[in-house]
Amino acid sequence: MSQIPAITLNDGVSIPQLGFGTYKIDPAQTADAVRTALEVGYRHIDTAQMYKNERGVGRAIRELGIDRADVYVTSKLDNGFHKPDDARRAFDDTLEAIGSDYVDLFLIHWPLPMHYGGDFVSTWRTLEEFKRDGRARSIGVSNFQVAHLERLARETDTTPTVNQVELHPYFGNDEVRAYCREHGIAIEAWAPLARGAVVADPEVAHIARAAGRSPAQVVLRWHIQRGHVVFPKSVTPRRIEENFALFDFALGDAHIEALSALNKGEAGRTGPNPDRFDNL
Ligand SMILES: NC(=O)c1ccc[n+]([C@@H]2O[C@H](COP(=O)([O-])OP(=O)(O)OC[C@H]3O[C@@H](n4cnc5c(N)ncnc54)[C@H](OP(=O)(O)O)[C@@H]3O)[C@@H](O)[C@H]2O)c1
């Protein structure tokens, strides 16, 4: 655990730079997968109301007898619950499902600019309540574009600690990344392996051979060296271990640049563009 670097967020709280993602892990399989990850040494788990597997995350931590304070847990507000009273109820449900009286980080999952009259500001103010009452150690956003972040900066008092966005060698998300760096917002890169696609890339394979590591490891190491927080998802024990072994090697500048050069811009996204995503 001590080998994982921590990043200090703009509210002074530290987050382990490497964690374990749980999107698309079946709720019935989640406790097993998270238990495997915790046994390997991961101490940071990313879940969400939308994934319907928060309960399995809490169960795995308890079953292994790990102190709650030793695991960093993130969850996210689902898209149907942006109105303040709905957000308050949904947050209570998250704490109940995880079986804890706090989360380490709570995020607005999507900005949904075409719903709620375009108002994610009152949703953000509701998350500020959770931070004030100590039930969320930190609060942040996910899938926010620059215009959304600028609006929060104009209309609210708290800068998000993190923006969790799609980012990997095929999709550099450069504009959002530059804004966040300039404004002290940590980047959490979701789909760090482009959902597995980038692992098969010939250039990635070439760099992996040169580094003597696996394709997934060099891509995850690229994220780490660029300062991103990452939480690759896998239900495969061998890969869960592989994705954790990132701190006994480093990539040279030429390899970092070669991986960055795989950027396809908008065409590289695996998920929806947040300006248009409107699923409730
Ligand atoms: N905020 C958001 O809107 C948002 C959106 C998407 C994801 N996320 C978060 O980010 C996490 C990671 O993103 P993601 O799950 O979409 O994608 P990802 O981590 O980039 O990729 C997961 C896929 O890659 C495969 N994989 C994992 N390790 C591998 C390895 N070492 N070699 C080859 N293939 C490997 C997995 O297969 P197996 O499982 O079969 O091993 C799975 O199919 C999510 O789990 C979730 O916590 C957030």
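Quick note: numbers below take in every heavy atom, side chains included, and nothing from hydrogens, waters or symmetry partners. Remember, it's 1-based here, ligands and their atoms both numbered in the order they're listed.
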Query raised in the report: Hey, is Pro192 touching ligand 1 through its side chain, its backbone, both or neither, going by heavy atoms under 4.0 Å?
Result: both
Report task. For Asp46, counting its heavy atoms only, list the atoms of ligand 1 lying under 4.0 Å from any of them. Result -> 9 (C), 46 (C), 47 (O)
Query raised in the report: Which is it for Ala194 and ligand 1 at heavy atoms under 4.0 Å: side chain, backbone, both or neither?
Result: backbone
Requested in this report: For ligand 1, note which part of Thr22 has a heavy atom under 4.0 Å away: side chain, backbone, both or neither.
Outcome: backbone
Report task. Find all atoms of ligand 1 within a distance of less than 4.0 Å from any non-hydrogen atom belonging to Thr236, and give their numbers and elements. Result -> 38 (P), 40 (O), 41 (O)
Report task. Could you tell me whether Phe231 and His44 have their ring centroids closer than 6.0 angstrom? Result -> yes
Query raised in the report: Of all the non-hydrogen atoms in the protein, which one sits nearest to atom 45 (O) of ligand 1, and at what distance?
Result: Tyr23 N, 2.9 Å
In a table with atom names and distances, give each donor-acceptor pair under 3.5 Å that connects a side chain of residues 187-200 to protein atoms at least two apart or in another chain.
| from | atom 1 | to | atom 2 | distance (Å) |
| --- | --- | --- | --- | --- |
| Glu188 | OE1 | Gln164 | NE2 | 2.8 |
| Trp190 | NE1 | Asn143 | OD1 | 2.8 |

Report summary line: shortest atom 16 (O) of ligand 1-to-protein heavy-atom contact is with Arg195 NE, 2.8 Å
Report task. Have a look at ligand 1 and work out which part of Trp110, if any, has a heavy atom under 4.0 Å from it: side chain, backbone, both or neither. Result -> side chain
Query raised in the report: Considering only protein heavy atoms, which is closest to atom 48 (C) of ligand 1, and at what distance to one decimal place?
Result: Gln164 OE1, 3.0 Å
Query raised in the report: Are Pro232 and ligand 1 in contact, using a heavy-atom cut-off of under 4.0 Å?
Result: yes
Requested in this report: Do me a favour and list the nearest non-hydrogen protein atom to atom 5 (C) of ligand 1 with residue, atom name and distance?
Outcome: Trp190 CD2, 3.1 Å
Requested in this report: Report yes or no: does Thr236 contribute a side-chain atom to a donor-acceptor pair with the main-chain N or O of Arg238 at less than 3.5 Å?
Outcome: no
Query raised in the report: Judging by distance only, is a nitrogen or oxygen of Ala191 under 3.5 angstrom from one on ligand 1?
Result: yes
**Report entry** Residue, atom name and distance, where the atom is the protein heavy atom closest to atom 37 (O) of ligand 1
**Finding:** Arg239 NH1, 3.1 Å
Report summary line: Heavy-atom nearest pair, Ile98 first then Arg62, reads O-NH1, 3.0 Å
Query raised in the report: Are the aromatic rings of Phe120 and His148 close, with centres under 6.0 Å apart?
Result: yes
Query raised in the report: Donor-acceptor pair, Arg269 side chain versus Glu166 backbone, under 3.5 Å?
Result: no
Query raised in the report: Under 3.5 Å, N or O to N or O, is Val235 touching ligand 1 that way?
Result: yes
Query raised in the report: Which atoms of ligand 1 sit under 4.0 Å from any heavy atom of His109?
Result: 1 (N), 2 (C), 3 (O)
Query - Location of contacts on Glu242 toward ligand 1, heavy atoms closer than 4.0 Å - result: side chain
**Report entry** Sub-4.0 Å heavy-atom approach of Phe20 to ligand 1
**Finding:** no
**Report entry** Part of Ala216 with heavy atoms under 4.0 Å of ligand 1, whether side chain, backbone, both or neither
**Finding:** side chain
Query raised in the report: Do Lys131 and Asp11 sit within salt-bridge range, that is, some charged N less than 4.0 Å from a carboxylate O?
Result: yes
Query raised in the report: Are Arg88 and Asp93 ion-paired here, with the side-chain N under 4.0 Å from a carboxylate O?
Result: no
Report summary line: Under 4.0 Å between heavy atoms, the region of Asn143 that gets near ligand 1 turns out to be side chain
Report task. Determine, for Asp248 against Arg213, whether the closest basic-nitrogen to carboxylate-oxygen distance falls under 4.0 angstrom. Result -> yes
Query raised in the report: Is there side-chain contact between Val229 and Val162, with at least one heavy-atom pair below 4.5 Å?
Result: no
**Report entry** Sidechain N-carboxylate O distance under 4.0 Å for Lys83, Asp86
**Finding:** no
Query raised in the report: For atom 31 (N) of ligand 1, what's the nearest protein heavy atom and its distance?
Result: Asn243 OD1, 2.9 Å
Query raised in the report: So, is the end of the Lys264 side chain (NZ or CZ) under 6.0 Å from the ring centre of Tyr170 and within 45° of the ring's axis?
Result: yes
**Report entry** Test: Asp133 and Arg135 ion pair at under 4.0 Å
**Finding:** yes
Query - Any N or O of Phe231 closer than 3.5 Å to N or O of ligand 1 - result: no
Query raised in the report: Any Lys/Arg nitrogen of Asp46 or Lys76 sitting under 4.0 Å from an Asp/Glu carboxylate oxygen of the other?
Result: yes
Query raised in the report: atom 19 (O) of ligand 1: which protein heavy atom is closest, and how many Å away?
Result: Lys233 N, 3.0 Å
Query raised in the report: Which residue holds the protein heavy atom closest to atom 20 (O) of ligand 1, what is that atom called, and what is the gap in Å?
Result: Leu193 N, 2.8 Å
